[in-house]
K.L.:
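Structure below; questions to follow.
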Amino acid sequence: MPDVAVISVEIYGQRYPIRSHLDREYVARLAIYVDEKMRAAADTTPTGDSLRLAVLTALNVADELFRCRDGTRLGNGELAERAGELERLLDRVLMA
């Protein structure tokens, strides 16, 4: 396991020291993503309250995660269904 590093990132104009075992560039990419989401939320919902903005951003990111998970589950279900169809087809061919 890599050593813990303190990685300084900037999100929505604020600097945050992040202690992490993760790769520095990966953490920087995460911070850029969150910063972009915060700025997008600020453009659509102007508020001076950065905490409200952070919560709204967290909800938007959670929505993305849930939709991605649901899509993966649906994809896995379709794959299992197709595999079952192929198995039944193969059984019919082998029994003929």
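The model shown is predicted, which means the values in this text are computed figures rather than measured ones.
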K.L.:
Supply the atom-to-atom distance E64 CD to L59 CG, rounded to the nearest 0.5 angstrom.
P.N.:
11.5 Å

K.L.:
Using a strict 4.0 Å threshold on nitrogen-to-oxygen distance, state whether R39 and D35 make a salt bridge.
P.N.:
yes

K.L.:
Do Y12 and Y16 belong together in a cluster built from hydrophobic side chains that touch within less than 4.5 Å?
P.N.:
yes

K.L.:
Are V61 and I18 connected in a single hydrophobic cluster, I mean Ile/Leu/Val/Met/Phe/Trp/Tyr linked by side-chain heavy atoms less than 4.5 Å apart?
P.N.:
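No.
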
K.L.:
Heavy atoms only: give me the nearest S50-M38 pair and the separation to one decimal.
P.N.:
O-CE, 4.4 Å

K.L.:
I need the minimum non-hydrogen distance between I11 and A31, along with the two atoms involved.
P.N.:
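What the structure gives for the nearest pair is CG1-O, 3.9 Å.
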
K.L.:
Transitively linked via ILVMFWY side-chain contacts under 4.5 Å: V9 with L22?
P.N.:
yes

K.L.:
Which heavy-atom pair separates A41 from L56 by the least distance, and what is that distance?
P.N.:
CB-CD2, 4.1 Å

K.L.:
Identify the residue among E36, R52, K37 that makes a side-chain contact (heavy atoms from CB on, under 4.5 Å) with T57.
P.N.:
K37

